[in-house]
Structure formats: structure tokens, C-alpha cells
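Okay, structure first, notes after.
Index from 1, following the sequence.
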Amino acid sequence: MRLTPWLAALTAGIALTGCSTGPAAREAAQAPVAQVSSARAHVPEDIRRAGVLVIGSDLSYAPMEFMDGGEQKGFDVDLAHAVTARLGVKAELRQTSWGDLLGHVESGEVDAAMASITDTAERQARVDFVDYLNVGSVVVAKGALDGEGITALCGRRVAVPADTIYVGLAEAQDARCPAGRKMTVVTVGALADSKEAVLAGRADAYLEDFPPAAVAVRENPSLRMSGAQIEAAPYGIAIGKNRGALAKAVQLALYELFRDGTYDELLEKWEISEGSLKTGAVNGGA
């Protein structure tokens with residue numbers, strides 16, 4: 001469900017083309033012809049000719065996709081290179097601001113978007129998703145709350161980034177809060193700003209996906225996760241509605257990664273094995 005954090009987001013639209021240094025992704029990116037799968041038969045001709053699949057991503061969301069010492073890293077980065085290796089093309093991950101990702105997929109400025117994007121019915125009206133990970137939201141708090149989880153946010157200041165599913169989650173909980181104990185929703189501009197608002201004392205808690213929340217808590221002893229994950233839902237690779245063949249190719253490549261163990265290896269590497277989702281469903285979110 002994306003949303004952003006640790007490293008400052010780069011200017012939207014700048015191309016950043018580096019491979020992850022992860023063993024599985026590096027091997028996949030350098031895969032010999034023999035490793036190219038039958039999924040390549042579904043790759044659209046324009047992408048085959050270019051030899052590159054351009055993927056929009058907001059590279060500021062560790063451990064999923066982020067920049068470290070000038071290198072692109074993260075689970076999504078590694079998985080993108082593994083998928084494209086099976087398709088017989090290279091992956092070019094292009095920095096794109098979060099709010100522009102789906103629009104760039106719709107317009108064809110990028111072939112796909114992969115940036116911890118939650119597959120929802122609302123977003124399916126704009127693009128198709130090939131699902132690859134199941135992750136829920138968590139409450140990250142500084143200090144004590146009156147209870148645990150999202151119900152403990154009544155009467156609190158809660159930071160949420162604009163244009164994300166967290167806005168809806170916060171508003172739905174606020175509607176359940178009793179009179180006199182309503183939440184104060186602090187809307188911030190970027191995903192990373194939610195955590196910073198809490199650390200700076202402008203909010204008491206924020207809503208975040210589990211993978212980056214775990215990183216934030218490890219790196220900031222003043223923060224803690226409160227309660228269980230909320231509304232687990234799939235992340236999906238966003239592909240244009242007019243690109244059904246590409247969606248099929250990506251889906252088939254994912255199935256191969258599920259079967260050969262590459263997917264599990266990457267989950268373990270980035271410590272997110274609890275999010276394993278091996279359906280490869282198209283538009284499996286609700």
C-alpha cells in the first residue's frame with residue numbers, strides 16, 4: 001500500500017538504472033539464454049525490440065525499493081530483475097513520484113509500475129495488477145496509546161500520506177470514534193513524512209505497511225508497532241489496461257520464480273517471508 005520513508009525521494013522522472021546486488025537478482029539479471037522462459041512468447045513486440053521493460057517506482061520505501069549509495073535496492077528491485085530475466089529483457093527502474101505512478105502507466109510513459117502498490121478495486125479501474133505479495137498495515141506509535149492497534153487512535157493525532165489507502169483507513173476509524181475523542185488526521189505530502197511527523201512530535205502515530213514499519217522500528221528505538229496487521233491485501237505490479245499480453249508474460253514469469261525457489265529466496269533475504277503470496281492473480285485485490 002505504498003507509501004514512503006527512509007531515504008529522501010529523488011526528483012520525479014529521473015531515470016535510475018542499476019541492478020540490485022542481491023545474489024538471486026544478480027544471477028537473474030545476468031541469466032543465460034537458457035533461463036529465458038516460455039513467458040517471453042507473450043512479451044509485446046515493442047518491448048522485445050527495445051530489450052528493456054521500463055518500470056516506474058518511487059525508490060524511497062525500504063526494504064521494498066530504495067536507493068543506497070547510488071544503487072537501487074530492495075525486494076521489488078530484485079524481483080523486477082528476476083522477472084525480466086525470465087522475459088529475456090532488462091529492467092529499467094525509473095524514479096517516479098508516488099502520485100504519478102498509475103498515471104504514467106495509463107499514458108504509456110512506463111510499461112509497468114512496481115512500488116509496493118496495493119491492488120484495490122478502485123485502482124483496478126485504471127490499471128491491471130499482477131499480485132505478488134500480501135502485506136497489511138500497522139500502527140506505528142511513539143509512546144503509549146490507550147490500547148493497541150487502530151482502535152487506540154481515537155483522540156490521537158495520526159499522520160497519513162495523501163493519495164494512499166491510509167487516508168481511508170484513518171477516516172473509517174475516526175467515524176467509529178466516540179464524540180469528544182475524534183482523531184486528528186495529519187495529512188502529509190510524502191510517505192516518508194508520516195514517520196518524520198511522529199518523530200518530530202507533530203503526530204502521535206502513523207499508519208504504515210508492515211515491511212517499512214519493521215525497518216522504522218529497528219532504526220528508531222522511540223517507535224513501536226501497536227497491535228496486529230490491519231486489512232492485509234496484495235501488492236501488485238501495475239500494467240496498462242491495454243497491455244493484457246504483458247500482464248500474462250509477467251504472471252507466467254512469476255509462476256516460474258515461485259516454482260524454482262527464487263521468490264522464497266528473495267523473501268528471506270529482505271526478511272518479509274510472512275508476506276508470501278504465490279497466486280500470481282490478476283486483479284486479486286478487493
Closest heavy-atom pair and its distance - [X], [Y]:
| X | Y | value |
| --- | --- | --- |
| Ala141 | Leu145 | CB-CD1, 3.7 Å |
| Gly284 | Pro234 | C-CG, 4.4 Å |
| Ala247 | Val130 | O-CG2, 3.7 Å |
| Gln173 | Cys154 | NE2-SG, 3.5 Å |
| Trp270 | Lys73 | CH2-CB, 4.2 Å |
| Ala39 | Leu252 | CB-CB, 3.6 Å |

[Y] and [X], any side-chain heavy atoms less than 4.5 Å apart:
| X | Y | answer |
| --- | --- | --- |
| Leu277 | Val135 | no |
| Arg156 | Val139 | no |
| Gln95 | Asp58 | yes |
| Ser57 | Met114 | no |
| Arg123 | Thr118 | yes |
| Arg259 | Glu256 | yes |
| Trp98 | Ile117 | yes |
| Lys195 | Leu223 | yes |

Practice task
Check whether more than 12 heavy atoms from other residues, nucleotides or ligands sit under 6.0 Å from atom NZ of Lys142, and answer yes or no.
Solution key: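 More than 12 heavy atoms, drawn from other residues, nucleotides or ligands, come within 6.0 Å of this atom.
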Problem - Greater than 12 external heavy atoms within 6.0 Å of Glu45's CD - result: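 Counting neighbours around CD of Glu45, more than 12 heavy atoms of other residues, nucleotides or ligands fall under 6.0 Å, so yes.
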Residues [X] and [Y]: side-chain donor-acceptor under 3.5 angstrom:
| X | Y | answer |
| --- | --- | --- |
| Glu65 | Ser116 | yes |
| Tyr61 | Glu208 | yes |
| Ser107 | Glu109 | yes |

Under 3.5 Å donor-acceptor pairs involving side-chain atoms of residues 182-192, not counting sequence neighbours:
| unit_1 | atom_1 | unit_2 | atom_2 | d |
| --- | --- | --- | --- | --- |
| Lys182 | NZ | Asp174 | O | 3.1 |
| Lys182 | NZ | Cys177 | O | 2.9 |

Problem - Asp193/Arg202 ion pair, N-O < 4.0 Å - result: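 So Asp193 does not pair with Arg202 through a salt bridge.
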Distance from [X] atom [atom1] to [Y] atom [atom2], nearest 0.5 Å?
| X | Y | atom1 | atom2 | result |
| --- | --- | --- | --- | --- |
| Phe75 | Tyr263 | CZ | OH | 5.0 Å |
| Asp131 | Tyr235 | CG | OH | 12.5 Å |
| Leu169 | Leu207 | CG | CG | 6.0 Å |
| Leu93 | Asp76 | CG | CG | 8.5 Å |
| Tyr206 | Glu196 | OH | CD | 8.5 Å |
| Asp78 | Lys269 | CG | NZ | 3.5 Å |

Exercise for the section: Scan Val105, Val250, Asp128, Val282 and name whichever one has a side-chain contact (heavy atoms from CB on, under 4.5 Å) with Ile237. Expected result: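 Looking at Val105, Val250, Asp128, Val282, the match for Ile237 under the side-chain contact (heavy atoms from CB on, under 4.5 Å) is Val250.
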Handout entry: Option passing side-chain contact (heavy atoms from CB on, under 4.5 Å) with Glu92 (candidates Val52, Ile55, Leu53)
Key =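 In the set Val52, Ile55, Leu53, the residue that makes a side-chain contact (heavy atoms from CB on, under 4.5 Å) with Glu92 is Val52.
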